[in-house]
Amino acid sequence: MQLPLTTIRSEERWEQGSDFHLMQYAAAERPFNPWKGDSRPYASGRDAFRALLLHGMEMRGWKRLLVPSYYCQFVVASLKEAGMDMALYPDAPGPAQRTQRAASLREFATRKGDVLLKVNFFGLGSRPDYGDVARGQVEIIEDHTHDPWSGWAMSSRADWCVASLRKTLPVPDGAMLWSPAGHALPPPAAPTRERQEASSKKIAAMLLKNLYLHGHPVSKDDFRRLYIEAEESLRSGDASAMTVWSVNLLRSFPLQQMRSTRRQNHACLSRALQDIPGLDVLQVTGAQGTCPFSCVMVLDTAARRDHLLENLISRRVYPAVLWPLESPVCAGVPLEHRELSRRMLSLHCDARYSEQDMIRVAGMVREISLAYGQPQRGGMGVAGSRRS
């Protein structure tokens, strides 16, 4: 008998968002991963990127990495540690950026030894054709962290793909590197002691959080401390392979059912957020089979976003800001991208939650937003989003 993806939890402990717990789920399905041939499992996306960049500099003559101006600054900092020259090119979520993207690729990706990093932001994008990229001298890396099983990832035309699996699945560590173009991969890495210890702390935190959510006498401070310690350890040290227990966990997941639940939750939450003053929801621009990572709201002002974030946290809803750009690693982040970062919130909609949870969260967003007041005239919208 298959178990549901969600189980009854203590109402007193109900919360939404933040780190994965060790959840209950249905039986595994037939694998349908995009890394059909050779691939490399790593403990984190940082480790996968670091191993790839060192390999590219040594074996493929890579000299300069082109990074999107709207991107996670923890990742940018780790990329810079590899020692390559780095430059930003303008790219951010939303189809309004398409014209700017095409122009920027023609302008920036021109040198032999250039490597272009392309991101599927929030799992909402469609596969680029890269017609303006000089493929004979520029190689392409794609970051599929927000939807590793998208149609884009499955039919990628990039040289390399990276996905941090622990962002979309309840695993304590895990990332994957593969080459759709069939290039030779970096030598296999071994699991390091540092990563194994970090992963052990993370899986302990996931177990304790599961017990907490079900009403057992577990202190929230205990598992939060373990999560923080684990994340700090995963961001330092040498590149490591994925731990054996995370590899085994990955084989056990019903990936298609988990993606289907995420997709249904996103649709439910998007509908429930309609007609809320001063709030837009970013929508899918990709082809059939796209699965949004989260429900991304863009508010008309940073002040409204901050008010909403503070009040949701007080009600045990924990959105993410993807990503803060106040202190960028590299100079040159456009003002409009910083403004987008200040006005966005990412609401979780993964398989931990039911549609009832989505409606509950949307009700809180509506109540808080209406109490805040009407939007300012001339407030900025986001092309490619739906006015809620």
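The analysis underlying the following values was restricted to heavy atoms, covering all of them including side chains, and did not include hydrogens, waters or symmetry mates.
Formation of a donor-acceptor pair under 3.5 Å by the Arg13 side chain with backbone atoms of His214 is not found in this model. With hydrogens and angles disregarded, no donor-acceptor distance shorter than 3.5 Å links the side chain of Ser369 to the backbone of Arg366. Under the 3.5 Å distance criterion, the side-chain polar atoms of Glu142 are left unmatched by any main-chain donor or acceptor of Cys161. The closest donor-acceptor contact from the side chain of Ser246 to the backbone of Asp173 lies under 3.5 Å. At distances below 3.5 Å, not a single donor-acceptor pair connects side-chain atoms of Arg50 with backbone N or O atoms of Ser78. In this structure, the side chain of Glu29 engages the main chain of Gln257 through a donor-acceptor pair within 3.5 Å. Side-chain N or O atoms of Asn265 include one that pairs as donor or acceptor with a backbone N or O of Cys349 at under 3.5 Å. Counting only distance, with no hydrogens or angles, the side chain of Ser156 and the backbone of Ala158 share a donor-acceptor pair below 3.5 Å. In this structure, the side chain of Tyr71 does not engage the main chain of Ala92 through any donor-acceptor pair within 3.5 Å. Lys209 places a side-chain N or O within donor-acceptor distance of the main-chain N or O of Asp19, the cut-off being under 3.5 Å.
A cation-pi arrangement is absent between Arg157 and Tyr130 under the rule of less than 6.0 angstrom and at most 45 degrees off the ring axis. Judged by a 6.0 Å distance limit and a 45° cone about the ring axis, Arg40 is not positioned over the six-membered ring of Trp35. In this structure, Arg166 fails the cation-pi test against Phe20, since its NZ or CZ atom is not both closer than 6.0 Å to the six-membered ring centre and inside 45 degrees of the ring normal.
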Q) After noting the C-alpha distance and the side-chain angles of Asp357 and Ser354, does the key distance pass the side-chain hydrogen bond (donor to acceptor under 3.5 Å, both in side chains) rule? A) CA-CA 5 Å; Asp357 291 317; Ser354 65; 3.2 Å; yes
Q: Please step through side-chain hydrogen bond (donor to acceptor under 3.5 Å, both in side chains) for the pair Ser236 and Glu194, ending with a clear verdict.
A: CA-CA 9 Å; Ser236 61; Glu194 185 174 21; 3.2 Å; yes
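Side-chain contact of Ser240 with Gln196: a donor-acceptor pair under 3.5 Å is absent, judged by distance alone. Neither side chain, Trp178 nor Asp38, offers a donor N or O lying under 3.5 Å from an acceptor on the other. Of the N and O atoms on the side chains of Ser164 and Thr145, not one donor lies less than 3.5 Å from an acceptor on the other residue. The closest side-chain donor-acceptor pair between Ser69 and His337 falls under 3.5 angstrom. A donor-acceptor contact under 3.5 angstrom links the side chains of Trp245 and Thr243, judged on distance only.
Checking each of Gln264, Gln256, Arg262 against Ser260 for a side chain to side chain donor-acceptor pair (under 3.5 Å) leaves exactly one that passes, namely Gln264. Applying the salt bridge (charged side-chain N to carboxylate O under 4.0 Å, His left out) test between Lys118 and each of Asp159, Asp91, Asp129 identifies Asp91 as the sole match.
In terms of heavy atoms, Ile359 sits closest to Cys268 at CG1-SG, 3.8 Å. Taking every heavy atom of both residues into account, His307 and Asn311 meet most closely at O-ND2, 2.8 Å. The heavy-atom pair separating Ala43 from Asp47 by the smallest distance is CB-OD2, 3.6 Å.
A tilted orientation is assigned to the rings of Trp323 and Tyr70, their planes being inclined by 30° to 60°.
Arg271 has no carboxylate O lying under 4.0 Å from a charged side-chain N of Glu355, or vice versa, which leaves the two without a salt bridge. Of the charged side-chain nitrogens involved, none lies within less than 4.0 Å of a carboxylate oxygen, so that Glu231 and Arg46 do not count as a salt-bridged pair.
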